[in-house]
Amino acid sequence: MPFTEALRLAVATIFASKLRSFFTLLGIIVSVAFLVAVVAVIQGMNAYVRENLTGAIIGTNAFQVRRIPISLGLLSDEEIRELSKRPIVSRADAEAVERALPDAEAVALQSGYPTPVSDVVYGNQSVGGVLIFGVTPPYLTVQDYQIAAGVPITEIDLRGRRPNVVIGWDIADKLFRTPESAIGEKVRIARREFTVIGVVASKGTTLGQSFDGFVLIPLPMFEGIWGRRGTTTVSVKMRTPQELPGAMARAEEAMRLAHRLGPREDNDFTVDKADALVAFWTSLTALLFTVVPAVVCIGIVVGGIVIMNIMLMSVSERTREIGIRKAIGARRSDIRKQFLVETVILSCLGGIQGVLAGWGLAVAVATFTPLPARVSTWSVGIALLLGVASGLIFGVYPAARASRLDPITALRSE
Amino acid sequence: MTDQAIIRLAGITREYLMGGERIRALAGIDLEIGRNEYVAIMGPSGSGKSTMMNVLGCLDTPSSGQYWLNGHEVSRMADDDLARIRNREIGFVFQTFNLLPRASALSNVELPLVYAGTGARERRSRAEEALARVGLAERMHHRPNELSGGQRQRVAIARALVNRPSILLADEPTGNLDSATSVEIMRVFGELHAEGQTVVLVTHEPDIAEHAHRVVVLRDGRIDTDRRVEHPVGAASAVA
Ligand SMILES: Nc1ncnc2c1ncn2[C@@H]1O[C@H](COP(=O)(O)OP(=O)(O)O)[C@@H](O)[C@H]1O
Ligand SMILES: [Mg+2]
């Protein structure tokens with residue numbers, strides 16, 4: 001039997017009993033949807049964390065005063081609604097914190113999430129996906145950034161609204177031959193011209209990601225272009241870890257005073273150590289990356305076994321049909337092909353429905369929860385592949401069983 | 001006669017094991033059937049008629065003995081070769097019609113051509129031709145459950161004929177039909193035979209057997225009698 005015939009026959013059989021086909025596929029649909037949705041959320045979180053971690057304190061002995069806590073993903077809708085009522089952390093707040101912490105090594109103000117992503121263009125070359133931060137000069141100290149070439153951003157750049165930028169190592173590496181040759185060069189960011197005054201030495205990779213793909217712009221200049229962020233953050237660096245708890249308490253006190261909070265009122269800000277995010281993310285990804293593949297594998301195997309069982313049932317229900325086909329000249333390979341094609345098409349359909357469902361789920365998650373989600377093509381590919389593979393694997397046995405039926409016995413069955 | 005024989009059976013036996021007991025459904029059959037013969041197989045219930053037809057139709061393989069079809073020894077063939085023989089050389093008509101219930105008459109008749117690898121257009125025209133030949137041109141888009149018993153058996157006959165088999169086998173083709181319809185179906189077999197088709201059919205009704213030109217009677221898995229019919233019914237009415 002030619003393949004096209006087998007295909008036509010399979011489609012006809014599947015659509016003759018749509019509801020049953022759907023239930024046969026439920027396992028595959030759910031597993032594939034789950035895979036696509038969860039990967040989309042992980043990818044979304046990854047992007048979120050990348051944008052945050054690069055701006056968050058990777059430096060030691062540091063903490064932040066934020067409007068929204070770092071571990072955003074763990075909050076309920078109710079809490080998110082409450083958080084959105086909080087006032088923005090302002091320059092005055094930064095100054096209040098600074099006054100309360102004369103022993104701090106540095107107190108900086110920086111633009112927060114969402115971090116704008118832009119191309120950086122130099123001549124006819126460009127680097128895409130660069131994270132743009134608006135910062136005050138102490139930011140470089142807070143982050144433990146070493147200047148590899150040139151000079152850091154200064155108060156003069158800030159006050160004079162000079163279009164000067166300090167670029168991360170990755171940008172310098174991609175656009176210039178040496179860090180030194182970058183200094184004084186003009187680059188274009190968001191259709192504006194900036195002068196490179198400094199290059200930050202590489203921090204290497206953390207959690208498998210590079211955090212050197214950024215550009216630092218004086219905060220007022222940044223806010224002039226991208227607007228004021230509702231998530232502007234104060235970052236503080238102390239000299240020793242022992243000073244941290246006391247410093248955090250004093251910062252909290254200063255913030256409560258600055259925001260004129262009564263003794264019974266809750267904080268309308270959060271004082272957080274930056275490693276909270278790293279810890280949160282490491283534990284979450286560790287969990288997700290062990291649980292998700294396991295759950296998906298179990299789902300696919302269970303889904304495959306369901307398909308196999310239903311196909312075996314279908315073979316026994318259609319024993320007489322198989323007998324008829326054999327009696328008029330179907331070879332074993334024809335029968336095998338018929339059932340295998342049917343199972344594979346079934347599982348393909350399951351895979352497609354699963355991808356659509358997973359996509360919908362990811363969009364729903366992104367819309368109705370604070371979790372970001374990004375559907376990635378590779379997860380869709382893998383999900384479809386898994387669906388089809390399970391059909392192929394679990395279809396072999398029922399198909400073989402059908403093909404080995406003896407024509408006389410098959411014809412006699414009712 | 002030998003060079004003209006389509007079917008030659010030599011010492012064919014077929015044994016079944018049932019609960020440790022050996023049942024000899026066929027106990028040594030020697031038989032030759034020539035081109036364009038019209039043979040009726042008769043005999044009491046359980047005498048081995050169906051078993052013999054299944055062996056002739058390559059649906060079943062004998063326990064011992066040899067079976068030549070058109071000079072090829074079928075009794076030694078492997079599964080796929082038997083499928084090919086069933087597809088090209090044999091048209092089998094069953095008592096219970098054995099049509100695919102969800103397929104139209106046309107699709108049912110096309111099916112052997114699908115397995116023969118015939119192209120879609122030729123398949124359709126040959127299936128239509130076969131249906132026209134059994135007088136069902138009008139009903140080809142009907143499903144089996146929309147057809148009467150006699151019409152279903154005609155579809156089955158069309159399906160058996162569509163690949164132009166060298167032999168048409170029918171195991172009690174009128175067993176599920178009333179007597180008027182049986183006569184109609186027997187007329188179809190008579191006409192096919194008159195057109196040159198070799199026909200072997202099983203029946204336990206003597207008046208049905210009288211349509212054939214030769215009657216072979218089985219008893220306990222052996223050939224009891226093998227006689228010529230002097231004035232076959234079908235031939236007389238075909239001439240008239
Ligand atoms: N699959 C089988 N298993 C065991 N015995 C069988 C089987 N098929 C047929 N027989 C036995 O073989 C004998 C011949 O059966 P069959 O050829 O169907 O007779 P008929 O068609 O002449 O009525 C019977 O005794 C029957 O019980
Ligand atoms: Mg019988």
Side-chain angles (χ1 to χ4, degrees), chain A residues 1-21 311 313-342 345-346 399-414, chain B residues 14 16 25 50-51 53-55 57-61 77-104 107-120 123 127 143-144 155-156 158-163 165 169 171:
Chain A
M1 180 162 55
F3 183 70
T4 49
E5 285 300 324
L7 209 67
R8 241 192 28 199
L9 182 60
V11 170
T13 312
I14 289 165
F15 281 88
S17 46
K18 291 189 201 69
L19 196 66
R20 173 180 173 162
S21 302
M311 288 311 290
M313 208 163 90
S314 169
V315 167
S316 78
E317 275 175 10
R318 284 149 72 187
T319 300
R320 198 182 173 90
E321 174 194 327
I322 296 163
I324 294 171
R325 290 178 183 277
K326 286 202 137 185
I328 61 172
R331 287 165 301 173
R332 283 185 180 186
S333 59
D334 292 321
I335 302 292
R336 215 181 308 129
K337 199 189 287 174
Q338 176 186 342
F339 280 88
L340 207 55
V341 166
E342 195 175 314
I345 288 186
L346 260 177
R401 212 152 103 166
S403 76
R404 279 199 298 265
L405 283 172
D406 167 59
I408 297 285
T409 325
L411 279 172
R412 221 179 267 135
S413 88
E414 217 13 85
Chain B
R14 179 67 170 96
Y16 293 107
S50 293
T51 306
M53 289 300 272
N54 292 340
V55 168
C58 295
L59 292 166
D60 199 1
T61 41
M77 283 186 184
D79 210 74
D80 276 1
D81 295 320
L82 290 175
R84 210 188 66 84
I85 298 273
R86 289 197 292 269
N87 186 237
R88 315 250 168 164
E89 303 295 333
I90 290 161
F92 209 113
V93 176
F94 302 89
Q95 177 176 352
T96 52
F97 321 133
N98 279 334
L99 299 174
L100 295 183
R102 284 207 308 263
S104 68
S107 303
N108 266 292
V109 177
E110 277 189 31
L111 209 53
L113 299 172
V114 169
Y115 290 117
T118 312
R123 222 157 62 200
R143 287 181 177 199
V155 174
R159 180 181 65 186
L161 290 176
V162 74
N163 239 346
L169 302 173
D171 190 354

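This one's a predicted model, so the numbers in the text were calculated from it and none came from an experiment.
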Item checked: Heavy-atom check, side chain of B:L59 versus side chain of A:K326, under 4.5 Å -> no
Separation between CZ (A:R318) and CG (B:L100), nearest 0.5 Å, reads 10.0 Å
By residue number, those in residues 80-87 of chain B with heavy atoms under 4.5 Å from heavy atoms of chain A are B:D80, B:A83, B:R86, B:N87
Okay, B:N98 and chain A: the region with an atom under 4.5 Å from a heavy atom over there is both
Those residues of residues 327-340 of chain A that come under 4.5 Å of chain B on a heavy-atom basis, listed by number, are A:A327, A:I328, A:G329, A:A330, A:R331, A:R332, A:D334, A:Q338
Against chain B, residues from residues 3-13 of chain A with at least one heavy atom under 4.5 Å, in numeric order, are A:E5, A:R8, A:T13
Distance col, row A:R320:CZ vs B:T96:OG1, nearest 0.5 angstrom, shows 4.5 Å
Sequence neighbours excluded, the answer for side chain to side chain contact (heavy atoms under 4.5 Å, CB included) partners of A:R401 is A:L312, A:Y397
Scored by heavy-atom pairs under 4.5 Å with chain A, the best of B:N163, B:N54, B:I90, B:L99 is B:N54
If one checks every heavy atom of B:R159 against chain A at 4.5 Å, the contacting part turns out to be side chain
